[in-house]
Every structure is written in structure tokens, then in C-alpha cells.
Colleague: 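Structure provided below as C-alpha cells; questions to follow.
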Amino acid sequence: MIDESNPVETEKVVIEYVLYKTEGSGENQIPWDRETMKAVIPKEHGNLNHVCRVFDDKGHSIYIKQAGDTLRISEDMTATLDRNRQESEILQIEESLAPGYVPHVYFYDTVMSANGMEDCSDYKVMRNAMLDHEIYEGFDEDISEFLVRTLLLSSDVVMDHREKKEWTRRFITPDLCDITEKLVLMEPYLGADRNNVFEPNRAFVKKYLYGDPELHKEVAKLKFNFMTNAQALLHGDVHTGSIFIKPGAIKVFDCEFGTYAPMGYDTGNLYANLVFAYCNGRAYGKDEFCDWIKRTIASAFDLFAKKFVDLYEKEATEPMAKVEGFRDWYLASILRDTAGYAGTELHRRTVGMANVTDLTTIEDEPSRMIAERTCIFLGIDLIKHADSFVDGKSYIEALERAEEAAIESLK
């Protein structure tokens, strides 16, 4: 349906499709102005799918997202077309758990492997905003609220266990999980051929990531935890490229990697991607922006822990979850996982197959070397000493240590 090589035909077909799917009755009906409808393929895409924006002159708009047989990141990699159904259902669940924090899904179509969702064009993709070194006060409150509600409320602490097991069955996608297990939790440490390593840092990567058996052992633990611990319904890919943002609001999207796995995978991914934004800001001397990033990292961590406890006390239904001392043990395990998976995200986005533009767009070679080495040193610290990261302050201190070590390593 969405053919990027033929935008004229795509416009015609997509408009007809959208009219068919949204002109009926019901809460998701859209009163289109047929005469002024347009369909446009945006310049920017993610790594997996095809998208098209449909709108009219009366202010109505919708995004159509269609899964293809191959992934945009690599034609050698495939993923089930059912990922579109999965993403749509997860967004609908997340909207029920954390209203206002995800785009509304108007429909999803298992025949066309497509869905129609809220147009968030009045927002910016957060990664682009971070590359422009923009500051968004209140992001820590919003993202911590989203994470606490979607993770805790989809866990055995709160859900009926039979229903939760049914959700686990519905949202396990072996081929997408396999991508995570390889690209995130294996290849950055074993020197895979498809790793993208910045040449001036190649020897450094070989020494600190490929050549550290102790690090590999800890990553192996994280991998097996991800594969076997169906703790909560994850977004599965929480990074600044999967968040729309504007002053006072966010929308978290692109949850097709959603699955049942450890909560700390989502929270860890968030913190790592804030670090990437920090490193880019440092490379360009944006001190005010970097100070805000550090405050946000610390605050988001502490707010998550506080809100988690408050919601746990209010919503826990499992009798054994109310046993004295269990809640604190449970939260401590999530915080430990957060540190570990933050470390693996720092590494895989620095040297793995899918690098982040926060690092790759740094033009000055020494500045990029320092940024990447900061991420590598910090990731090692987070993975090897995961039990030490119990509050926001500990993350900031570790970031500062890693940055100092990275600078010193170039002398």
C-alpha cells in the first residue's frame, strides 16, 4: 500500500484506504473533507516500517503505519508482519494504563498489516529536539509517570495472574525478541561483523568491550534475565527517537518491540538515551542543556522509585506482594536491572548495528571519541556495579567519572 518509490499512486491508494477505515460510525470516525485530502510520505522514518500522513484542510489528520516484509534497517533482517497488530494492541493497553501518554490508535488492520494512529505533528521527535539542544522542563515527571503506570500495572503485582499470562502469550514475538537478544545483548561484546565501530575508537572497543570476560559474564546474566523474566509488558524500545515531545507533554510511540520482560529494560533504555543527548551537548559546548540533562536523569530516576512505591501501595492485589519487605526487594531488583540494561543500551548504540545520531553527527573527531568512550566507560560501570545505582545522584556521579576517564584516555 505505501510505496516510497511511487508517491503519486500511494497518495491515491492510501486516501481511499483511510476513507474506508475511518468514515463509518463510532468513536473513531473522522469527518474528512474529501476534496482537500492529501497523503504525504514523511522524509524521516524509523528502522522498521513505512509511514504516510493523511490530512485535509479542515484540520483532520492521521498517520498510517504499515509493516513490510523486510526491515528498513536491513533487508537481510525480517520480522513478522504481526508486529503491527502487536504494536496497536500495546498502544491501546498503554493508553488505558497511562491516558494521554501515547498516540491514540483509530484502527489496526491485520490483513494490510497497517494501523491508523493520532497525528502528533505538533510535537517534535525528542531525539531531534535533543540534537537541537532544547530544554523541556517537566519531562522527568511525564516519563516517570508513563513508565511506572505501564510497567507496574501490567505486572503480577497488580494483574490477575491468568490474564497476565494470556497477555504474555499475546505479546511474545520470537523474531523481534531475537533481534534484541542479538543486537543488544550479544553482538556489541563479541565483535560481530555488522557492528558499526568508529575507526579511531576501534582498538579501544576491542580492549574494553570485546576483551573483558568479566563484562561478558554480567551481560550474559542480563541476556538470560531478559529471555526468561516475563515481569511486565514493556514498550521494548524506549529511546528519544520513540518519544514525541512539546512543552508540557509527551507521546511515547513505536512499541512494536513490546514484550513481557524485565521492567528495568525500559527504564534503562531511557537513561542511556539521555546520556547520548548529554554527550552530544558536551561536544558542542551546550552547558545549560547538559546541566538540564543531568538534573533530568537524576530526577527521573528518583521520581520513578517514589511513584513506584506509591502506586504499588495503592494498586497491589497479589497477597504475597504485600508481605513485609517484599516491595522493597522487588523495587531493588528493578533498579539493579535498570543500571545493567542502561549499560547494554549505551554499548549497543555506540558500537552495535544501530548507532545513534547523537554520537555519529559529532563532527570533531576527538570530541566524538570522548563522547563514545564516555558511553563505553559508563556502560561498563553500570553493568559491573549495578547494585550501586540506587538513586539519581549515583547515575550523575558515574557519568562524571566516565567522562573524566574518557578525556584522560586520549592524553
Side-chain angles (χ1 to χ4, degrees), residues 86-87 89-102 140-173 177 180 221-238 250 252 255 257-271 299-342 345 386-387 389-392 395:
Q86 175 166 307
E87 176 186 20
E89 291 188 357
I90 291 175
L91 281 173
Q92 291 172 331
I93 289 171
E94 289 179 340
E95 185 176 26
S96 71
L97 300 178
Y101 288 104
V102 300
D140 50 352
E141 286 281 358
D142 287 336
I143 196 63
S144 59
E145 187 74 12
F146 169 79
L147 288 169
V148 166
R149 294 193 65 82
T150 57
L151 295 174
L152 181 58
L153 296 181
S154 64
S155 74
D156 281 305
V157 172
V158 176
M159 290 189 69
D160 174 84
H161 301 325
R162 289 165 296 186
E163 183 181 11
K164 187 258 189 179
K165 288 178 173 63
E166 174 59 24
W167 281 19
T168 302
R169 184 192 65 79
R170 282 168 58 193
F171 299 121
I172 290 293
T173 308
C177 288
T180 299
K221 295 177 185 178
L222 290 165
K223 180 176 182 179
F224 273 80
N225 187 40
F226 181 86
M227 292 191 294
T228 61
N229 181 6
Q231 188 174 41
L233 181 58
L234 270 57
H235 174 284
D237 203 18
V238 178
I250 64 170
V252 185
C255 58
F257 278 91
T259 190
Y260 262 87
M263 296 185 196
Y265 188 81
D266 269 4
T267 51
N269 271 234
L270 168 68
Y271 299 129
S299 178
F301 185 97
D302 292 338
L303 282 168
F304 175 86
K306 180 182 183 304
K307 291 179 179 183
F308 188 93
V309 169
D310 292 344
L311 193 63
Y312 191 110
E313 290 301 303
K314 180 181 177 182
E315 299 290 347
T317 62
E318 162 57 41
M320 295 304 289
K322 300 178 183 180
V323 171
E324 184 177 354
F326 178 83
R327 184 203 67 200
D328 293 342
W329 171 85
Y330 192 77
L331 176 58
S333 71
I334 294 167
L335 301 185
R336 181 179 63 249
D337 287 346
T338 296
Y341 292 118
E345 176 72 356
D387 287 324
F389 294 92
V390 296
D391 56 20
Y395 276 84

Colleague: Determine the minimum heavy-atom distance between Ala232 and Ser154, stating which atoms define it.
Modeller: CB-OG, 3.7 Å
Colleague: Any chance you could lay out the side-chain contact (heavy atoms from CB on, under 4.5 Å) test for Gln231 and Ile334, step after step, and finish with the verdict?
Modeller: CA-CA 10 Å; Gln231 188 174 41; Ile334 294 167; 3.9 Å; yes
Colleague: Are the side chain of Lys307 and the backbone N or O of Glu141 linked by a donor-acceptor pair below 3.5 Å?
Modeller: yes
Colleague: Give every residue pair that meets the salt bridge (charged side-chain N to carboxylate O under 4.0 Å, His left out) criterion with at least one member in residues 151-164, sequence neighbours excluded.
Modeller: Asp156-Lys164, Asp160-Arg162
Colleague: Taking all atoms of both residues into account, what is the closest heavy-atom pair of Ile143 and Ala300, and its distance?
Modeller: CG2-CB, 4.4 Å
Colleague: What residues, two or more places apart in sequence or in another chain, satisfy salt bridge (charged side-chain N to carboxylate O under 4.0 Å, His left out) together with Lys306?
Modeller: Asp310
Colleague: Please round to the nearest 0.5 Å and tell me the distance separating atom CE of Met159 and atom OG1 of Thr168.
Modeller: 8.0 Å
Colleague: Any chance you could measure Cys255, atom SG, to His235, atom NE2, to the nearest 0.5 Å?
Modeller: 5.0 Å
Colleague: Just do the side-chain contact (heavy atoms from CB on, under 4.5 Å) check on Arg170 and Glu166 with the steps written out, would you?
Modeller: CA-CA 6 Å; Arg170 282 168 58 193; Glu166 174 59 24; 3.7 Å; yes
Colleague: Say whether, by atom type as modelled, one donor and one acceptor occur between the side chain of Glu315 and the main chain of Leu153 under 3.5 angstrom.
Modeller: no
Colleague: Of all the heavy-atom pairs spanning Gly236 and Asp266, show the shortest one and how long it is.
Modeller: N-OD1, 3.0 Å
Colleague: Give a yes or no answer on whether the side chain of Thr259 reaches the backbone of Phe171 with a donor-acceptor pair at less than 3.5 Å.
Modeller: yes
Colleague: Taking only residues two or more places apart in sequence, or in another chain, which ones meet Asp391 in a side-chain contact (heavy atoms from CB on, under 4.5 Å)?
Modeller: Asp302, Lys393, Ser394
Colleague: Between Tyr271 and Tyr395, how do the two ring planes meet: parallel, tilted or perpendicular, split at 30° and 60°?
Modeller: tilted
Colleague: Hey, what's the ring geometry for Tyr312 with Phe308, parallel, tilted or perpendicular (30° and 60° as the breaks)?
Modeller: tilted
Colleague: Can any side-chain N or O of Thr317 pair as donor or acceptor with the backbone N or O of Val158 at less than 3.5 Å?
Modeller: yes
Colleague: Is there side-chain contact between Pro319 and Lys322, with at least one heavy-atom pair below 4.5 Å?
Modeller: no
Colleague: Got a second to check how far Glu145's CD is from Asp140's CG, nearest 0.5 Å?
Modeller: 11.5 Å
Colleague: Is there side-chain contact between Arg336 and Asp387, with heavy atoms separated by less than 4.5 Å?
Modeller: yes
Colleague: Show your working on side-chain contact (heavy atoms from CB on, under 4.5 Å) between Tyr101 and Asp142 and close with a plain yes or no.
Modeller: CA-CA 8 Å; Tyr101 288 104; Asp142 287 336; 3.6 Å; yes
Colleague: Evaluate Thr180 against Tyr265 for side-chain contact (heavy atoms from CB on, under 4.5 Å), listing each step before the verdict.
Modeller: CA-CA 11 Å; Thr180 299; Tyr265 188 81; 3.3 Å; yes
Colleague: Identify all side-chain donor-acceptor contacts of residues 221-228 below 3.5 Å with residues at least two apart in sequence or on another chain.
Modeller:
unit_1	atom_1	unit_2	atom_2	d
Lys221	NZ	Glu218	OE2	3.1
Asn225	OD1	Asn229	ND2	3.3
Asn225	ND2	Asp337	OD1	3.4
Asn225	ND2	Asp337	OD2	3.3
Asn225	ND2	Tyr341	OH	3.3
Thr228	OG1	Phe224	O	2.6

Colleague: Does Arg327 have any salt bridge (charged side-chain N to carboxylate O under 4.0 Å, His left out) partners at least two apart in sequence or in another chain, and if so, which?
Modeller: Glu313
Colleague: Identify the two heavy atoms, one from Met263 and one from Ser155, that lie closest to each other, and give their separation to 0.1 Å.
Modeller: CE-CB, 3.7 Å
Colleague: Distance-only check: which donor-acceptor pairs under 3.5 Å involve side-chain atoms of residues 90-100, not counting sequence neighbours?
Modeller:
unit_1	atom_1	unit_2	atom_2	d
Glu95	OE1	His104	ND1	3.2
Glu95	OE2	His104	ND1	3.3
Ser96	OG	Ile93	O	2.5

